Undergrad: 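Next up is a structure, given as structure tokens.
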There are 2 protein chains.
Amino acid sequence: MESRIGRMCIERGLKMTGQRRVIARVLSEAQDHPDVEELYRRAAQLDSRISVATVYRTVRLLEEKGILERRDFGGGRARYEATEEGDHYHLIDVETGKVIEFEDKEHAELIRRIARDLGFDLVSHRLELFARRRPADAGKDTAATPPARTGGRSKR
Amino acid sequence: MESRIGRMCIERGLKMTGQRRVIARVLSEAQDHPDVEELYRRAAQLDSRISVATVYRTVRLLEEKGILERRDFGGGRARYEATEEGDHYHLIDVETGKVIEFEDKEHAELIRRIARDLGFDLVSHRLELFARRRPADAGKDTAATPPARTGGRSKR
DNA sequence: TTATATGCAAACAGTTTGCATGGGT
DNA sequence: ACCCATGCAAACTGTTTGCATATAA
């Protein structure tokens, strides 16, 4: 009955108001990286007694609690996703705006080493790739197109 | 007499007004990554007949012309630097806010490969490292501290 | 019951823009 | 002379906040 993120809120002793429960549910069910306005739209659909201000406040609270992560994919508005195990990165399709997630151990190690070489300990980082879907290679006729799936997570 | 960036403006046929010349000079002389307000401050010091609006307009124009690059190091304001040969990245000292530039061929190749593996051609990307200066390793007593110099460019 | 969360609208920060004027070419 | 650039202030966008009210614990 309580959404995954709703449960996390309770674990951390947050007061569970009606609007928080709704927002938590929307976040739990989101398969994408919605911005505040989109969250508000989805939440208001479930319970109209909700204001954008509350969404902003909730989203900030959950970020402070480590439940949510804020992203900036350009376009001016912050976008949110539930915190998950292990770093992952985002590739943004410049044509469609679609976001594809991927993991990359090699990259994680590389940047840690770079920071270290410069005399620093890495605290956090930001990586976004902006790319264009490669036109189906003229060379391979019937070859299967690699299935880069939005929302799924590609391991490397 | 004309600053480096001023010359680039002329090459691209931009009308050289007094304020553009001043802004171009400020940009040419900047060793850091100033935001608009800072650019405005420096420009106004050379010629008070300048407004923030003009700085915003100029900075946007120069970005469109490929003369400038806009950066986002967090903190809400866009920061600018002259376009230079070859990609480079930024490490932001979380204590001081200082920005250290570095190059890394390996990283450049890695992300290109990642995009390709996902079925994309890399268009652009964003990488920022946030890090904390490593406390002088307790192990090495008199050893020289590695010279990670702000402003300089570390090659790897 | 009591502290905290909410709605509303006003405040904010960074940036853009409409319009009349000024200035390069 | 012509068109573009500028200044000014008002507009805009995303986000935060003060205050009176509502609500979970």
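Just so it is clear, the structure is predicted and the values come from calculations on it, not from any experiment. Here is how names work: the chains are called A, B, and so on, in the same order as the sequence lines, proteins then strands, and each is numbered from 1.
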Undergrad: Can you measure B:Lys65 atom NZ to D:dC4 atom P for me and round it to whole angstrom units?
TA: 12 Å
Undergrad: For A:Arg21 and C:dA5, what is the distance between atoms CZ and C1' respectively, to the nearest whole Å?
TA: 13 Å
Undergrad: How do B:Val55 and A:Gly18 order along DNA chain D: which one's closest nucleotide is nearer the 5' end?
TA: B:Val55
Undergrad: I need the A:Leu62 CG to A:Ile67 CD1 distance, nearest 0.5 Å.
TA: 5.0 Å
Undergrad: Round to a whole Å and report the spacing from CG of B:Asp72 to C1' of C:dT15.
TA: 14 Å
Undergrad: State the CG-CZ distance between B:Asp104 and A:Arg113, to the nearest 0.5 angstrom.
TA: 7.5 Å
Undergrad: Could you walk me through whether A:His90 and A:Phe73 pass the ring-ring contact (aromatic ring centres under 6.0 Å, His included) check?
TA: CA-CA 9 Å; A:His90 300 91; A:Phe73 297 155; 4.9 Å; yes
Undergrad: Centroid separation under 6.0 Å, is that true for the rings of A:Phe102 and A:His107?
TA: no
Undergrad: Does B:Thr17 put a side-chain nitrogen or oxygen below 4.0 Å from OP1 or OP2 of D:dT6?
TA: yes
Undergrad: Over how many whole Å does the gap from A:Ile23 atom CD1 to C:dA5 atom P extend?
TA: 12 Å
Undergrad: Which nucleotide wins on minimum distance to the side chain of B:Arg20, given the candidates D:dA5, D:dG7, C:dT6?
TA: D:dA5
Undergrad: With nearest nucleotides of DNA chain C determined for B:Arg49 and B:Ala78 from heavy-atom distances, which residue corresponds to the more 5′ nucleotide?
TA: B:Ala78
Undergrad: Write down the distance between CD1 (A:Ile10) and P (D:dA24), rounded to a whole number of angstrom.
TA: 13 Å
Undergrad: How long is the line joining CZ of A:Arg12 and P of C:dA5, in whole Å?
TA: 16 Å
Undergrad: Given D:dA5, is OP1 or OP2 found less than 4.0 Å from the side-chain N or O atoms of B:Thr54?
TA: no
Undergrad: May I ask you to evaluate whether B:Gln19 reaches the phosphate of C:dG23, defined as a side-chain N or O under 4.0 Å from OP1 or OP2?
TA: no
Undergrad: Can we say B:Glu29 and B:Arg25 salt-bridge, meaning some charged N sits less than 4.0 Å from an Asp/Glu carboxylate O?
TA: yes
Undergrad: Taking OP1 and OP2 of C:dT16, is either one under 4.0 Å from a side-chain nitrogen or oxygen of B:Tyr56?
TA: no
Undergrad: Among C:dG7, C:dT6, D:dA24, which is the nearest nucleotide to the side chain of A:Lys15?
TA: D:dA24
Undergrad: Would you mind telling me which of C:dG7, C:dT25, C:dT17 lies closest to the side-chain atoms of B:Met16?
TA: C:dT25
Undergrad: With a 4.0 Å cut-off on heavy atoms, is B:Arg57 in touch with a base, just the backbone sugar-phosphate, or nothing at all?
TA: base
Undergrad: Whole-Å distance between D:dT6 P and B:Leu14 CG?
TA: 10 Å
Undergrad: Could you tell me how far apart B:Asp35 (CG) and C:dA13 (P) are, to the nearest whole angstrom?
TA: 14 Å
Undergrad: If the cut-off is 4.0 Å, is A:Arg60 near the phosphate of D:dT17, judged by side-chain N/O to OP1 or OP2?
TA: yes
